[in-house]
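Counting convention: from 1, in listed order, for ligands and their atoms alike.
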Amino acid sequence: MTAVTRGSIEVRGILKRFGAVTALDHVDLVLPSGSFFSLLGPSGCGKTTLMRIIAGLERADAGTVLADGQDITRLPPERRPFNMVFQRYALFPHLTVADNVAFGLTTDRRSRPPRDEIRRRVSEMLDLVGLSGLEARYPSQMSGGQQQRVAVARALVRRPTALLLDEPMSALDRNVRHQVREELLRIHGELGTTFVLVTHDQDEALSISDTVGLMRDGQLEQVADPETLYHRPATLFAARFVGAGSFLDGHAVSDEPGGAVVDLGGIRFRASTSMPLAGRPVHVLLRPEDLSLTASGEGRLDGVVESSSFYGSYHELTVRTAQGVLRLRQPTATAHGSEVAVTWPEHAGIAYPATGHDRSDDLVVD
Ligand code: ATP
């Protein structure tokens, strides 16, 4: 199999309106060849619309789409060097697995390869997705995970420079989703084709991609590698959408290089931030893994354990303090009602300016 060296995608100034709704508001994005990029964001933020515009299934009101530097904005989907995998496999029920995969090669008579080559490429693709030996089955005789792998094989058989995956795992149950995720990572590693995944599942985006584009209201809020997105969310929205966390309200007393001294009802600590905050009210993000329990009176904030839930590898505690509720992950359970203190290292918290009109109600913190 020849490794793909093309596959860069660029969108410039993409605007898309549906009536009064602005689905995409001048989006710019550059995806280098071979990247595994996830578009992440809440329902309705424009992820699918952006992917459909890249695929050519939707036309933008303004802006340009480039593939390897070539303007493809006006090309129909079948003439773009991409292929798409949908949420619901979209396999032909009356065709065998082999014929479903071969379909991608036989639609255009002019470019239809000879029969032997079709057979060879189908077999190569089924081998790649781990389905060798199942050529003669029909989709109804396969599990959801297997059907989705057939859909991936069908999309890859034409050797696209980029594979566009629209929530391909959302119809699968949790364990199967995990397997398909691993398969996609392996296939991506083997082929080097650019993969673009639309998902609203942050675990999926963080675990599978090298770059994540977090979208909000038709715009890209932050484009970063998963670790940066998790450890250094650029905005309060990104901090709330990605990963679990607690938020405490405080006040920035002074700025320091890379951080600020924050006052929370009399206790002071250093938080990280990339902007000057002195004198402003702030929200401070604290990740559960950065918090630990100590004896009452010996930590930063005293509190009472409100709940303790077992999640297999850890117990999640909620502790009510005078400054708000904190969530922690601990190796052992702590009884409901215990008086404790919560502490965290200097600079573990991340401070964001409190704007006074934060839309907390449409944000996920779990
Ligand atoms: P989800 O995760 O729910 O699929 P999304 O982030 O993919 O959401 P889009 O499907 O791109 O969001 O939709 C963006 C906005 O555009 C939404 O407000 C949606 O209602 C609207 N929209 C999308 N397609 C159409 C359409 N064909 N006609 C009218 N409005 C549309």
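What sits closest to atom 17 (C) of ligand 1 on the protein, heavy atoms only, is Gly44 O, 3.7 Å. Residue, atom and distance of the protein heavy atom nearest to atom 18 (O) of ligand 1 are Val21 CG1, 3.6 Å. When hydrogens are left out, the protein atom nearest atom 3 (O) of ligand 1 is Ser43 OG, 2.6 Å; that is the closest non-hydrogen contact. Ranking the protein heavy atoms by distance from atom 2 (O) of ligand 1 puts Lys47 NZ, 2.8 Å first.
Ion pair Arg12/Glu10 flagged as a salt bridge, since at least one NZ, NE, NH1 or NH2 atom sits closer than 4.0 Å to an Asp/Glu carboxylate oxygen. Looking at Arg186 and Glu182, no side-chain N of the basic residue comes within less than 4.0 Å of a carboxylate O on the acidic one, giving no salt bridge. A salt bridge does not link Asp290 to Arg287: none of the charged nitrogens lies less than 4.0 Å from a carboxylate oxygen. Glu346 and Arg300 are joined by a salt bridge, as a carboxylate oxygen and a charged side-chain nitrogen come within less than 4.0 angstrom of each other.
Between Phe195 and Phe37, a ring centre-to-centre spacing not shorter than 6.0 Å is recorded. Aromatic ring centres of His315 and Phe310: separated by under 6.0 Å.
For atom 20 (O) of ligand 1, no protein heavy-atom neighbour is found at a distance under 4.0 Å.
Residue Thr48 touches ligand 1 through backbone and side chain together, judged by heavy-atom distances below 4.0 Å.
Contact analysis puts Gly46 in contact with ligand 1, with a non-hydrogen atom separation below 4.0 angstrom.
Close approach of ligand 1 to Pro42 is summarised as follows: ligand atoms under 4.0 Å from at least one heavy atom of the residue are 6 (O). Close approach of ligand 1 to Ala23 (heavy-atom distance below 4.0 Å) involves ligand atoms 14 (C), 15 (C), 16 (O).
Between Phe18 and ligand 1, a contact under 3.5 Å exists for no N or O pair. In terms of polar-atom proximity, defined here as any N/O pair under 3.5 Å, Cys45 does make such a contact with ligand 1.
For the 3.5 Å distance criterion, the side chains of Ser309 and Glu316 fail to qualify, holding no donor opposite an acceptor.
Between atom 9 (P) of ligand 1 and the options Leu39, Thr49, Leu50, Thr22, the minimum heavy-atom separation is to Thr49.
Taking the centre and axis of the six-membered ring of Phe241, the NZ or CZ atom of Arg216 falls outside the cone set by 45° and 6.0 Å.
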